[in-house]
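Here is the structure we will look at, set down as structure tokens.
Numbered from 1 within each chain, the chains take letters A, B, ... in sequence-line order.
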Number of protein chains: 4
Amino acid sequence: MNEGRMPGRPRSEASRQATLMAALELAAEIGYGRLTIEGIAARAGVGKQTIYRWWPSKADILLEAGAAKADLRVPVTDHGSYRADLRAFLEASYQMASHPGLADLLRALMAEAQIDREFGDRFRAAFLERRREALAVIIDRARERGDLPARPAPGIVADIVFGTIWYRTLATRRPLDADLVDDLIGLLAPTS
Amino acid sequence: MNEGRMPGRPRSEASRQATLMAALELAAEIGYGRLTIEGIAARAGVGKQTIYRWWPSKADILLEAGAAKADLRVPVTDHGSYRADLRAFLEASYQMASHPGLADLLRALMAEAQIDREFGDRFRAAFLERRREALAVIIDRARERGDLPARPAPGIVADIVFGTIWYRTLATRRPLDADLVDDLIGLLAPTS
Amino acid sequence: MNEGRMPGRPRSEASRQATLMAALELAAEIGYGRLTIEGIAARAGVGKQTIYRWWPSKADILLEAGAAKADLRVPVTDHGSYRADLRAFLEASYQMASHPGLADLLRALMAEAQIDREFGDRFRAAFLERRREALAVIIDRARERGDLPARPAPGIVADIVFGTIWYRTLATRRPLDADLVDDLIGLLAPTS
Amino acid sequence: MNEGRMPGRPRSEASRQATLMAALELAAEIGYGRLTIEGIAARAGVGKQTIYRWWPSKADILLEAGAAKADLRVPVTDHGSYRADLRAFLEASYQMASHPGLADLLRALMAEAQIDREFGDRFRAAFLERRREALAVIIDRARERGDLPARPAPGIVADIVFGTIWYRTLATRRPLDADLVDDLIGLLAPTS
DNA sequence: TGCTAAGCGAGACGGTACGTCTTGTCTTCCG
DNA sequence: CGGAAGACAAGACGTACCGTCTCGCTTAGCA
């Protein structure tokens with residue numbers, strides 16, 4: 001649909017990259033709370049209007065920057081059993097949530113999603129739902145194998161898994177650890 | 001230690017109440033994102049300085065207002081078994097999270113706790129830790145009864161319980177429901 | 001040095017004019033003491049920052065507004081004699097000091113010059129010194145004509161002339177009148 | 001009518017003195033522009049209300065403090081001639097205006113008199129008119145002696161004398177000096 | 001000796017204005 | 001026409017003082 005050349009000067013990829021980079025750096029240096037559009041524009045050497053033209057809010061800049069930096073796909077390769085698949089998924093997740101810069105970014109985006117409803121919808125679609133879909137692949141595979149416990153229901157497994165990860169990130173600020181992974185697997189994919 | 005009268009004009013309880021009330025009302029009407037200290041002061045008929053003198057941020061006003069409104073103690077009365085105690089606790093929690101005004105308030109406070117580190121510490125101490133302590137009472141009672149499963153460890157039970165509740169509140173915006181309560185109990189306090 | 005176009009949006013002449021006008025009107029209506037930058041901005045339909053960007057204080061706004069309104073050059077045209085030149089100068093001055101709005105403005109600026117040292121320097125340079133220079137032209141001309149009394153010295157003539165005008169304005173609030181003009185001329189430029 | 005003792009606790013002379021002293025010291029240290037009633041009360045160890053009970057503005061405190069400190073009567077003792085009386089008066093005046101603390105105080109009070117009309121009336125009555133009356137004594141004595149020039153009229157002499165002194169104080173910030181005294185006497189009380 | 005009345009230090013109150021910061025829009029010139 | 005620069009209107013921020021109002025406590029004269 002986009003193959004026909006657009007009229008006028010094309011969007012500057014350099015400005016886009018500079019903006020995303022500046023937003024990530026500034027957020028890391030001064031924190032999301034003190035992040036401003038003016039600051040990002042100044043750091044990036046970019047006009048403010050250029051930012052307003054392409055992103056609806058500073059949270060959207062970070063969402064795109066985060067998506068670009070850490071391509072957030074989690075491995076859903078087949079490890080032979082639901083239990084092994086789940087362990088791999090959880091360990092990848094806790095790797096991710098343990099990276100301090102990334103954890104700070106996710107905290108800020110989840111916070112903004114509560115305050116700005118419209119960004120919340122975009123964040124859910126662009127991040128939260130993708131993560132649930134990744135887990136859904138594992139669960140579907142287990143169901144086909146006949147490997148999946150009757151309870152809890154698939155959606156509730158996701159609520160428990162992601163709930164625990166997010167609660168650790170947002171409320172206790174302790175990262176996910178190996179003990180918690182073991183306990184979750186013991187509960188959700190028992191051996192017997 | 002404080003019973004000796006302080007010198008100077010005593011704090012006005014009327015102003016305190018008016019501020020808390022105004023903050024709750026305005027947050028409900030226009031949302032936390034558009035809430036301002038100026039607006040609260042105007043609605044309450046109170047000087048801005050009076051607010052700044054007693055609360056460090058608008059989130060702290062809402063924290064105190066929420067604590068005053070819904071005295072957040074959850075029932076930890078003894079229902080005879082860990083399973084019954086846990087069910088009562090979860091049902092009370094999901095009652096609370098289902099109250100739309102209260103859920104919005106908690107979302108906003110959890111969001112602010114991510115953005116403002118110092119408020120985060122106060123929020124954790126005044127709300128999150130109290131909730132964990134309530135659950136700890138139930139778990140201790142179960143341990144004394146010999147009613148408590150070996151795994152998961154008590155702290156992790158709390159992470160799973162509160163994680164699931166908060167994830168539903170923050171990420172899916174669907175309240176806790178009876179199915180989820182059943183599944184959680186099935187996992188954490190199995191019958192056999 | 002400035003002829004090359006500046007980058008960015010140029011200063012809005014409309015905002016500048018509106019600010020000067022609003023300041024003069026408000027000062028006339030409510031008096032200098034009750035004049036506020038917020039009020040000027042509101043009346044002018046201008047952002048506060050636009051005012052702070054271009055003027056260091058409300059007194060400077062009025063100084064510029066006054067300079068713009070009554071272009072304060074006094075006639076120094078040659079009337080043939082020191083006596084006639086001096087009379088013309090004094091009569092123009094007392095015309096000016098008799099205009100009630102202008103007298104109020106000058107009173108306020110002289111007052112502010114006492115309280116704010118830095119504005120005092122600007123006021124001296126932009127107004128008081130210019131007036132002394134105008135009188136100096138008359139005195140120089142008289143000296144060339146051989147028309148100038150030996151005493152008092154030129155600088156002291158200025159102190160006496162302007163001192164009397166300002167004292168009437170500030171201390172007695174009676175404007176300069178014809179009698180005082182006659183007496184000053186009789187003293188400073190006697191006939192014999 | 002007031003000689004009968006008032007009921008209630010009498011005014012504290014200690015608080016009055018502390019207030020006047022604190023006002024003078026603070027004005028000298030930080031300048032009239034940054035002087036505040038709160039600051040005076042704090043420095044004096046006095047309640048704000050105690051100040052508001054007795055003085056209508058900070059300028060009135062300084063007016064009373066100045067009057068107390070330098071009792072401002074100028075010598076009007078008879079020196080035998082108008083010329084000698086005038087010289088004594090001018091020299092006493094320029095002594096006064098040369099004292100830097102006092103000059104700053106007078107500048108501030110004259111400035112405030114322009115901005116606050118009601119204080120202006122009090123300042124005129126308590127200070128400016130008294131000074132004119134002192135000069136009037138000298139002029140009356142000269143008239144009785146037959147020593148007084150026909151022109152300028154007595155009131156205009158005062159305008160010229162005080163005008164010159166104040167102009168030097170307010171506009172040029174150079175104190176009155178011996179040359180100016182000589183020239184003024186030469187003009188207003190010529191020898192022949 | 002106790003009562004009444006006003007002044008006292010302290011400090012919170014409702015407000016106003018400050019000067020700064022940020023937002024999102026606009027207006028210019030350059031490439 | 002996209003982009004950098006930067007001025008613009010709007011308005012919230014947190015601070016400083018304002019002038020007023022309670023407090024509990026003197027400190028006097030009057031009973």
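- Nearest approach of C:Ala27 to C:Leu62, heavy atoms of both residues: CB-CD2, 4.2 Å.
- For C:Pro7, taking side-chain heavy atoms from C-beta onward, the closest of the listed nucleotides F:dC8, E:dC8, F:dG6 is F:dG6.
- Side-chain atoms of B:Gln114 come within 3.5 Å of backbone N or O of A:Leu170 as a donor-acceptor pair.
- Within 3.5 Å, a donor on the side chain of B:Arg9 pairs with an acceptor on the base of F:dC21, or the reverse.
- For E:dC8, one of the phosphate oxygens OP1 or OP2 lies less than 4.0 angstrom from a side-chain nitrogen or oxygen of D:Arg53.
- The environment of CZ in D:Arg117 is sparse: at most 12 heavy-atom neighbours from other residues, nucleotides or ligands sit within 6.0 Å.
- Put simply, CD on C:Glu13 is 16 Å from P on E:dT27, counting in whole angstrom units.
- Distance CH2 (B:Trp55) to P (E:dC13): 9 Å, rounded to an integer number of Å.
- To the nearest 0.5 Å, atom CD1 of residue A:Ile40 and atom CD of residue A:Glu25 are 11.0 Å apart.
- Applying the 4.0 Å criterion to OP1 and OP2 of F:dA9, one finds that C:Thr50 has a side-chain N or O inside that range.
- In this structure, B:Arg11 is positioned above the aromatic face of B:Trp54, its NZ or CZ under 6.0 Å from the six-membered ring centre and within 45° of the axis.
- Phosphate proximity of E:dC8 to D:Trp54: present, with a side-chain N or O under 4.0 Å from OP1 or OP2.
- Counting to the nearest Å, the P atom of F:dC18 and the CG atom of D:Asp116 are 14 Å from each other.
- Annotation: of the two residues near DNA chain F, D:Pro10 and A:Ser15, the 5′-most nearest-nucleotide partner is A:Ser15.
- At whole-Å resolution of the value, CD1 in D:Ile51 and P in F:dC17 are 14 Å apart.
- For A:Ile30 and E:dC21, the CD1 to C1' distance is 13 Å, given to the nearest whole Å.
- Within 6.0 Å of atom CZ in B:Arg34, 12 or fewer heavy atoms from other residues, nucleotides or ligands are found, so the atom counts as exposed in its surroundings.
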Output one line per pair: protein atom, nucleotide atom from nucleotides 13-15 of chain F, and distance, for all N/O pairs under 3.5 Å.
{"from": "F:dC13", "atom 1": "OP1", "to": "B:Ile37", "atom 2": "N", "distance (Å)": "3.3"}
{"from": "F:dC13", "atom 1": "OP2", "to": "B:Ile37", "atom 2": "N", "distance (Å)": "3.3"}
{"from": "F:dC13", "atom 1": "OP2", "to": "B:Glu38", "atom 2": "N", "distance (Å)": "3.2"}
{"from": "F:dG14", "atom 1": "OP2", "to": "B:Tyr52", "atom 2": "OH", "distance (Å)": "2.7"}
{"from": "F:dG14", "atom 1": "N7", "to": "B:Lys48", "atom 2": "NZ", "distance (Å)": "3.0"}
{"from": "F:dG14", "atom 1": "O6", "to": "B:Lys48", "atom 2": "NZ", "distance (Å)": "2.8"}

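- A straight line from OH of A:Tyr32 to C1' of E:dT22 spans 14 Å, rounded to a whole angstrom.
- Counting non-hydrogen atoms of other residues, nucleotides and ligands closer than 6.0 Å to CD of C:Glu118 gives a total of 12 or fewer.
- Distance A:Ile40 CD1 to E:dT22 C1': 12 Å, rounded to the nearest Å.
- Judged by closest nucleotide on DNA chain F, A:Gly45 is the one of C:Ser12 and A:Gly45 placed further toward the 5' end.
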